[in-house]
Amino acid sequence: MAAAKSEELAWARGEDEAAEEQRADTLARVRDLIKSEKRRELLALLKRWDPLDLLELITSLRLRHARTLYLWLPEGPSLKVIAELRPEVRDALFEDETFERLVKIFDKLPAEEVAEALERLPDQVADSLIEQLRDSATVRAYWEQEPDTAGRIMSRKFLALPQDTTVAKTIKTIQENADLVGEFQTLYVVDNARRLIGRLAITRLLLQPADATLGSVMEENLVTVSPATDQEEALQLAWKRNLASLPVVDESGYLVGRITVKQLRRIMRSEAEEDMMLISGISPEADSRDSVLRIVKGRLPWLLAGLFGATIAAFVVGSFEEELQKAAILAAFIPVCMSMAGNSGLQASAVAVQGLANGTIWQGDTAWRLIKEVMGALINGSTAGLIVGALVFAASFAVPIEAPHRLAASVLFSLICVTTIAAVVGASVPLILDKIGIDPAMATGVFITTSNDVLGVLVFFLMATFFYF
C-alpha cells in the first residue's frame, strides 16, 4: 500500500481495507481540525502532502469543509490542486473566494479555463476580474466569444512556420519553443501572408530529410473550423476525420488557435452530460448545488409536459369506458402496452441521438436505418406478444377469462403495433429535430415517453375493439 507520508497524517492510495480505514481516519481528523478552526495545526500536518493527495482529500470532504480547507491552503499548493480539479468542482470551491484570491488563481490558469470559470459569475464581477488579470487582453478575447464555440475553448498556443522552413530548422525551433507551446502533436504551415496552408504531424516530420522544406512534405488536405463553430460540431468533425486536434482559422484564413486533445475530451464529456440531462427530463443548466427555487424552475416544466401527456392518455382510456365495463380484464394490459411503447421509443431515440452525436448517421442511409428499426421492432413486438399471449392462455386454466384466444390476439397485435410505431417515432423525431436545429436529445425522455404512452393506449383499445368484442 502506497501512501503520501507526512509527520502525523497520511492519505492512503491503496484499495484494500486497511487503506480505506486509514483514509476514513484521516478524513475524520481533518474534519475535526476544520470544525475547531485549527488552521495552523492542519496546514502543518498537510505541509509535505503531494498535490494529488490534497486533491483527493478535498473532493472527499463535504463541500463546506472542502471550501474551508481550500481557502486555508497557501497559494502554491492551492494553485496546484485547482489546476487538477474538474471545472464544476472548481466552480463550487470558487463560490466563496475573495476577489483578490481569484485574481491570483486566474493569473496562473490558462486563459480559456479562466473564461469558462467566469461564465458562472455576474457580468460586472467578471469584467472587474478581467481588468485585474496580467493577461487581461487574452482572457477578454476568449470572454467575448460565444459560449460553447471553438473560439471560447481553443488554445492560442500553437506552432506555425513558413512553408520554406527546412526540417532541420523546424526541429530546432520546436526544441527552443517546447516550453512556450506546451504539448502538441501537429505543427502548422503558413504562406508568406501567414495564412494556414498545411499541417504536419511531428512523427512524420522526424522521418523527413533535414534539407526538405515544410511546403514539400506537409499535408494540404486541411480540416479547419472557425471561432464561431459550435463545439459539438467541432467534436463531430474531429471524430469523423480521426483528428487529434483542430486548427481554428478566421474569415481571412489566418490561424488563430487550435482545439487540443484535452479540449476535445472535455467537449465529449460535457456534451454527454448535457444529453443525459435532457434524456432525463432535466434542464442542462441544472446542478447538484441548486437551490429549491432553481430545482423547481428547472424540473417543473418537464414534469408538466409529462403530466399533459399522461392526461391525454387518461382521456383516451376514458373514451373506452364502455369497453372496460364489458371486460374489466383489459385494464390489466394497459400498463403492458404503455411500457412497451415507451421503452421501444426510448431505445430507438437513444441510438439515433448517439449516431447524430458521433456522426455515424449519414443522410443517405436514413431510410435504411428506419427500415432496420421497423424490422427489429416487428420481431421484438411479436416475441413479446407471443409471450404475453401464452401467459394469458396459461392464466385461463387457473382463473376464468372470457374468450382467452381473442384476448391473446388483442395483446399480440397491440404489442406488435405499438412497438413498431414507437420505434419509428423514436428513430425519426431526433433526425427531424436535428434537421431544424433543435438538440435531438430533447426527443427522448418526456417527449418520446408521453407520446408513445398515448399511442400505446390508443392502439391497444383499437385492437381490443377489433379482436375482443
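Being a predicted model, the structure only gives us computed values, none of them experimental.
- Side-chain atoms of Leu243 and Thr186, non-hydrogen and from C-beta on, never get closer than 4.5 Å to each other.
- With rounding to the nearest 0.5 angstrom, the CE atom of Met463 is 10.5 Å from the CG atom of Leu415.
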Residues Thr419, Leu378; criterion side chain to side chain contact (heavy atoms under 4.5 Å, CB included); working and verdict: CA-CA 7 Å; Thr419 304; Leu378 285 171; over 6 Å; no
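- The shortest non-hydrogen separation linking Glu373 to Ala348 is OE1-CB, 3.8 Å.
- In this model, a donor atom of one side chain and an acceptor atom of the other lie less than 3.5 Å apart for Thr229 and Ser226.
- Separating the CZ atom in Arg140 from the CG atom in Asp135 is a distance of 12.0 Å, to the nearest 0.5 Å.
- Proximity of Val167 to Leu205: side-chain heavy atoms (C-beta onward) are separated by under 4.5 Å at one or more points.
- With hydrogens and angles left out, the side-chain atoms of Thr383 and Asn380 include no donor and acceptor closer than 3.5 Å.
- The side-chain heavy atoms of Ile259 and Leu235, taken from C-beta on, include no pair separated by under 4.5 Å.
- Heavy atoms only, all atoms of each residue included: Gly257 and Met154 are closest at CA-SD, 3.9 Å.
- Rounding to the nearest 0.5 Å gives a distance of 10.5 Å between OG1 of Thr170 and CG of Leu206.
- Atom CD1 of residue Ile371 and atom CE of residue Met375 lie 8.5 Å apart, to the nearest 0.5 angstrom.
- Closest heavy-atom contact between Thr165 and Leu161: OG1-CB, 4.0 Å.
- Between Val225 and Leu237, some side-chain heavy-atom pair lies under the 4.5 Å cut-off.
- Nearest approach of Leu431 to Ala427, heavy atoms of both residues: CG-O, 3.4 Å.
- Side-chain contact between Leu222 and Arg199 is present, with heavy atoms from C-beta onward closer than 4.5 Å.
- Side-chain atoms of Leu196 and Pro247, non-hydrogen and from C-beta on, do get closer than 4.5 Å to each other.
- In this structure, the side chains of Pro227 and Val256 come closer than 4.5 Å at one or more pairs of heavy atoms.
- With Ser339 contributing its side chain and Pro335 its backbone, the two residues share no donor-acceptor pair below 3.5 Å.
- Distance OG1/Thr68 to CG/Leu61: 9.5 Å, rounded to 0.5 Å.
- Taking each heavy atom of Arg194 and Ala160 in turn, the nearest pair found is NH2-O, 4.1 Å.
- Pairing each heavy atom of Glu146 with each of Arg152, the nearest pair is O-CB, 3.5 Å.
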Evaluation steps, side chain to side chain contact (heavy atoms under 4.5 Å, CB included), between Cys337 and Val459: CA-CA 9 Å; Cys337 286; Val459 168; over 6 Å; no
His65 vs Val30, side chain to side chain contact (heavy atoms under 4.5 Å, CB included): CA-CA, chis, key distance, verdict: CA-CA 9 Å; His65 293 152; Val30 170; over 6 Å; no
Side chain to side chain contact (heavy atoms under 4.5 Å, CB included) between Ser344 and Val418, worked out: CA-CA 9 Å; Ser344 178; Val418 299; over 6 Å; no
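- The structure places CD1 of Ile130 at 8.5 Å from OG of Ser136, a figure rounded to the nearest 0.5 Å.
- Ring geometry for Phe158 against Tyr188 counts as perpendicular: the plane angle is over 60°, on a 0 to 90° scale with 30° as the lower cut.
- Enclosure of atom NZ in Lys372 by more than 12 non-hydrogen atoms of other residues, nucleotides or ligands within 6.0 angstrom is indicated.
- Between Glu219 and Arg204 a salt bridge is recorded (basic side-chain N to carboxylate O distance below 4.0 Å).
- Within the 3.5 Å criterion, the main-chain N or O of Ser155 finds no donor-acceptor partner in the side chain of Arg258.
- Put simply, the side chain of Val248 does not reach to within 4.5 Å of the side chain of Thr224, judged on heavy atoms.
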